[in-house]
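Worksheet: one structure, shown below.
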Amino acid sequence: MYDFRAIEKKWQDIYAAEEPFRIDLEGAKKPFYNLMMFPYPSASGLHIGNMFSFIGSDVYGRYMKLLGYDVFEPIGFDAFGIHSENYALKTGRHPAELTPESIRFFREEQLKKIGAIYDWRSEVNTSAPEYYRWTQWIFLKLFEAGLAEKRESEVNWCPSCKTVLADEQVIEGQCERCNATIVKKTMSQWFFKITKYADRLLENLEKIDWTEITKNIQKSWIGRSKGTTISFPIESTDEQIEVFTTRADTVFGVTFLTLAPEHPLVERIVQEERREAYQEFLSQVAKMDDATRTSISRSKTGIFTGAYARHPFTNEKIPIWVGDYVLYAYGTGAVMGVPAHDERDFLFAKKYDLTIRKVIACSDDQLPYTEKGEMVHSGEYSGWASERFISQAETLAPFLKSKVQYHLHDWCLSRQRYWGPPIPMLYCENCGTVPVPEKDLPVLLPVTDDYIPDGSGLSPLARHEAFLWATCPVCGGKARRETDVSDNFFDSAWYFLRYVSPDDSKKAFNSERVQKWLPVDMYVGGNEHANLHLMYARFITMALHDIGLLPFEEPFTKFRGHGMIIKDGQKMSKSKGNTVNPNDYFETHGVDTLRTYLMFMGNFLEGGDFRESGLDAVKRFIGRVWDLTALPSGPSSLKAKIKMAETIKRVQFAFENIKYNTGVAALMELVNSLQDEQALEPSLIVDIARLLAPYAPFISEEIHAMYGGKGTILNTRFPTGYDVYLEQALAEIPVQINGKLRGKITIAQNATQEQVMEKVLEDGRLTAYFQGREVKKVIYLQDKIINLILGSM
RNA sequence: GCCGAGGUGGCGGAAUCGGCAGACGCAACGGACUUAAAAUCCGUUGAGGCGUAAGCCUCGUGCGGGUUCAAUUCCCGCCCUCGGCACCA
């Protein structure tokens, strides 16, 4: 009986004492950087989803180590941010006190026990001044490069977290962390200009080996849309209204223009007799929250300004309206109304009785007709195809200009919270906005009990007099500090750079080591971060590259987004009470069993269904592996060696393609087929342990040591040399008659069609099928299949 | 609405380049061991049908067509589920 408790403890202790996975960051010969998304420490511990992710990543790292790579597998803690702070607020304990406790539990009671090949010397903690000093430094670098800017704009405010959030952190109008409904506020905030990189962020996706799903999520978030801007002169002023459209071909169908209610132009053009109605309309719109305003089903309302524009092609008078369905933040904040060929414009025109003019050929009952087609009633362009007009638009008239529009917005970085790195900026009465000099970093987060956010729009740090006032480094006068802290996602946007130089007090990261180890060779994590962490990390890397601090622009050469795990067919949640605590299983089933089961449960990239009955099955499997060591030592049968050769291929395929479940299945098959062996060579048993080592570290180490192996099994090599037995295997060839499987023959490999046919003809059951019929055609694939096509009766 | 991924036994899931569908595991059933149970081990297990039996036949990968000697895999048209985006002009 395999005593997993004793043996796992033994190897956990050896890993802790001997640190066999420490990496020589300077001297490693075959560097391989294997990264996993580091966790947010919270007092509840790592949940099973984190474990699933980390183990899936570690399996890959262990496999690469068996292939002889110097695998650098660091781990750390994303310890700043709303996640940790909200937990602290809920429990009434100070985050500075709670966070180290959580980290200790994660590290000592969880991560050190799972047999992962972490190099603990590289641990980072984003809330440590030694780390966030460099987060602030990177902010300054971006500021110098003109990529950080404080500006007033409409931002997302979470009334429950009492802070602003970035667009990416608002999910369907709700806060990503607490699900509270977001409201729009106009505030002055720090932004990173990620939109300057929109095109490169999009184009580079073609060059990186990432899961398609992840790339697709980023693509649609960036939301590149090519179109045209068209200028309409406003009557009796010298101002213009510029609209953005992807359908310039419908320009002759414009019968009105609509401006967003917030558009500053409205104020200037609204006619006196309409002003009161406009004010009334504006206050109606202001009352709506964003979710209501942008709800697709809501009926569109608007109001006429009393002003007119001139159609740039026809000089026709066009009424200017204000409509709540036009968003100020997208495009130019103004649209041309083409009711015949746009769903919304059509509804709007019907409601307010505006002219509908057909300019794309279609029948009247098809309106609104939104397909492209042949242009009609379009002056000299009548008869043109939509595509032709759109692609040539810019060359047709001076008031048409090509424009590319993005969904991606600049990254709002400010947070009116306590638990984060203070943004290192000063406001001096004489000199204005001044960056904190590098030598004064870090701007320390003050230790205070007065840290609860008040919803005033200012961080709690604004209440902290000792923090607030500083000396202006330019004029020596009095300066006020920026009191907002930066977004948690900024901390994690560069942590993979810090891992290679965790103790460097002179630099954020060491260039030689960056050169040697980065970009990351393999990154594993959840797709929920596709638009958040993964997008931000790409942006920061690109920016640092342009500043000249990094030699590459993409941080993660290969990324695999894993699936979600559910429990007994249902989503796990605290409210349902069906969460899984991984530590429970360390005791009842063992780490090896838990790891192997998590990988066996389903396709790692698609997720899986956690069931205790499956865990029991894997425990039995681990027991059967152990029982192999009880067999007498002696020559293995040819059958066993052939099976071993096949298994090695299948297991290797599974690792390479992240189909871990099929690798476990292949090993189970192997162990099942060895059950009736009389004896096995020790080398074969150790080779089985090598195949198993990425999944189940401890039993593998123990078997390796039992047969005299020194050090960790991962320093030996992935099994080879069994292919010779494969050649001796017989081929089993399915025999089809008229495409239907009718039997099988067994024959030496590489047999000719004649040899196979000879065997077929010896088999009375097969020949019975073609009594009295000629074999018209034979399709034979060597060692694969034979198909006999018979003539008719 | 648009974009993407997927749909395979009672269940989780396999099938690498168009070539034996259902590997591996769960559950279920039958058996061995046991005073009994648990644990463990062995066997059966897609559906329907034929046969005393060895065995055999038909159907079967969301639905409907097609290409092919051969389709879970390729093509066309639908349905459904999940993920992303969404009054985006």
Side-chain angles (χ1 to χ4, degrees), chain A residues 1 171-172 211-223 225 227 243-247 250 258 260 293-300 323-327 329-338 342-345 347-348 370 405-407 527-528 530-531 561 563-564 566 568-569 597 600-603 605-618 620-621 623-624 627 649-650 653-654 656-657 659 661-672 675 732-744 765 776-781 784-790:
Chain A
M1 195 62 192
I171 312 292
E172 286 175 8
T211 24
E212 284 303 317
I213 298 171
T214 321
K215 293 207 263 186
N216 186 47
I217 294 170
Q218 288 207 343
K219 242 178 241 170
S220 51
W221 184 258
I222 295 167
S225 148
V243 301
F244 175 75
T245 179
T246 55
R247 291 297 303 275
T250 62
T258 315
R293 167 115 185 246
T294 57
S295 146
I296 201 158
S297 53
R298 195 177 54 82
S299 92
K300 291 126 192 52
D324 58 2
Y325 70 100
V326 180
L327 304 178
Y330 188 81
T332 57
V335 301
M336 59 185 201
V338 186
D342 182 279
E343 206 86 38
R344 291 152 304 178
D345 295 342
L347 292 171
F348 196 76
T370 58
Q405 182 64 38
Y406 299 93
H407 171 261
N527 278 319
E528 66 275 15
N531 288 339
M564 297 262 283
I566 55 174
D568 299 320
Y597 174 64
F600 177 63
M601 185 170 71
N603 182 323
L605 301 180
E606 286 161 21
D609 190 358
F610 189 94
R611 294 173 181 209
E612 299 222 353
S613 57
L615 212 49
D616 294 337
V618 172
R620 284 195 287 272
F621 164 67
R624 280 200 293 274
D627 292 343
K649 285 197 185 313
R650 288 171 64 189
F653 180 84
E656 298 284 350
N657 294 284
K659 291 176 169 227
N661 52 338
T662 64
V664 178
L667 282 163
M668 284 174 167
E669 241 183 86
L670 172 70
V671 172
N672 289 347
Q675 293 302 307
E732 192 179 54
I733 299 179
V735 181
Q736 293 185 341
I737 292 166
N738 287 337
K740 285 192 176 167
L741 181 72
R742 294 302 185 186
K744 284 172 195 180
R765 270 202 302 240
K776 227 168 59 179
K777 191 176 173 190
V778 179
I779 293 129
Y780 173 61
L781 260 87
K784 280 256 161 123
I785 202 163
I786 186 161
N787 191 4
L788 310 177
I789 311 304
L790 304 182

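What you are looking at is a predicted structure, and each value in this text was computed from that prediction instead of being measured. A note on names: the letters A, B, ... follow the listed sequences, proteins ahead of strands, and every chain is numbered from 1.
Using the Watson-Crick or G-U wobble rule with both distances under 3.5 Å, B:U72 pairs with nothing in any strand shown. Pairing of B:G9, defined by two Watson-Crick or G-U wobble distances under 3.5 Å, is not identified with any nucleotide. Look at B:C56: its Watson-Crick or wobble partner, with both distances under 3.5 angstrom, is B:G49. When both distances must be under 3.5 Å, the Watson-Crick or G-U wobble mate of B:C78 is B:G62. Of all nucleotides present, none satisfies the Watson-Crick or G-U wobble test against B:U16 with each distance under 3.5 Å. The partner of B:C2, taking Watson-Crick or G-U wobble pairs whose two distances both stay under 3.5 Å, is B:G84. When both pairing distances are held under 3.5 Å, B:A28 makes a Watson-Crick or G-U pair with B:U44.
For B:C57, one of the phosphate oxygens OP1 or OP2 lies less than 4.0 angstrom from a side-chain nitrogen or oxygen of A:R742. Within the structure, every side-chain polar atom (N or O) of A:K215 is placed at least 4.0 Å from both OP1 and OP2 of B:G84. Phosphate proximity of B:G6 to A:N603: absent, as no side-chain N or O sits under 4.0 Å from OP1 or OP2. Contact annotation: A:H407 side-chain N/O to B:C85 OP1/OP2 distance is not under 4.0 Å.
For A:K659, counting side-chain heavy atoms from C-beta on, the closest listed nucleotide (B:U16, B:C85, B:A15) is B:A15.
A:L605 places its CG atom 10 Å from the P atom of B:A14, with the value rounded to the nearest Å. For the pair A:R344 CZ and B:A89 P, the computed distance is 7 Å after rounding to whole Å. Look at CD1 on A:I213: it is 8 Å from C1' on B:G83, rounded to the nearest Å. If you measure from atom NZ of A:K219 to atom C1' of B:C3, you get 10 Å, rounded to the nearest angstrom. B:A86 atom C1' lies 11 Å from atom OH of A:Y330, rounded to whole Å. Put simply, CG on A:N531 is 17 Å from P on B:G4, counting in whole angstrom units. For the pair A:N216 CG and B:C85 P, the interatomic distance rounds to 11 Å; values are reported in whole Å. One can place CG of A:N527 at 12 Å from P of B:C85, the figure rounded to the nearest angstrom.
Between A:T250 and A:M336, the closest heavy-atom pair is OG1-CE, 3.6 Å. Between A:D568 and A:D609, the shortest heavy-atom distance links the atoms N-OD1, 2.8 Å. When all heavy atoms of A:I789 and A:N738 are compared, the closest pair comes out as CA-OD1, 3.5 Å. The minimum heavy-atom distance linking A:A530 with A:Q218 is given by the pair O-NE2, 2.7 Å.
Comparing A:R765 and A:E606 along RNA chain B, the residue whose closest nucleotide (by nearest heavy atom) sits nearer the 5' end is A:E606.
Here, B:G30 and B:G83 have their P atoms 41 Å apart, quoted to the whole Å. B:C57 and B:C74 have their C1' atoms separated by 30 Å, with the value rounded to a whole Å. For the C1' atoms, the distance linking B:A53 with B:G46 amounts to 24 Å, nearest Å. Comparing B:G13 with B:G19, their P atoms sit 24 Å apart, to the nearest whole Å. As rounded to the nearest Å, B:G31 and B:A37 have P atoms that lie 12 Å from one another. Rounded to whole Å, the P atom of B:G51 lies 41 Å from the corresponding atom of B:U34. Using P as the reference atom, B:A5 and B:A23 are 28 Å apart when rounded to the nearest Å. Comparing the C1' positions of B:U61 and B:G7 gives an interatomic distance of 9 Å, to the nearest angstrom.
To the nearest 0.5 Å, atom CD of residue A:E528 and atom OG1 of residue A:T214 are 10.5 Å apart.
Taking a 6.0 Å sphere around CD of A:E656, one finds it holds more than 12 heavy atoms contributed by other residues, nucleotides or ligands.
Judged purely by distance below 3.5 Å, without hydrogens or angles, the side chains of A:D345 and A:Y325 pair a donor atom with an acceptor atom.
Using a 4.0 Å heavy-atom distance criterion, A:V338 is classed as making no nucleic acid contact.
No side-chain donor-acceptor contact under 3.5 Å links A:N657 to the backbone of A:K659.
For A:K300 against B:C87, a side-chain N or O and a base N or O form a donor-acceptor pair under 3.5 Å.
Against the 90° criterion about 0, the sugar-base torsion of B:C17 places it in the syn range. Under the 90° criterion around 0 for the glycosidic angle, B:G9 counts as syn.
Tested against A:I737 for a side-chain contact (heavy atoms from CB on, under 4.5 Å), the candidates A:L790, A:N787, A:I786 yield a single pass: A:L790.
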Next on the checklist: Could you walk me through whether A:F600 and A:F621 satisfy the ring-ring contact (aromatic ring centres under 6.0 Å, His included) test, starting with their C-alpha distance in whole Å, then the side-chain angles of each, then the deciding distance to 0.1 Å, before giving a yes or no?
Outcome noted: CA-CA 12 Å; A:F600 177 63; A:F621 164 67; 8.2 Å; no
Checklist outcome for this item: Under a 4.0 Å heavy-atom criterion, the protein footprint on nucleotides 17-30 of chain B, written with B, S and -, is --BB--BBSS----
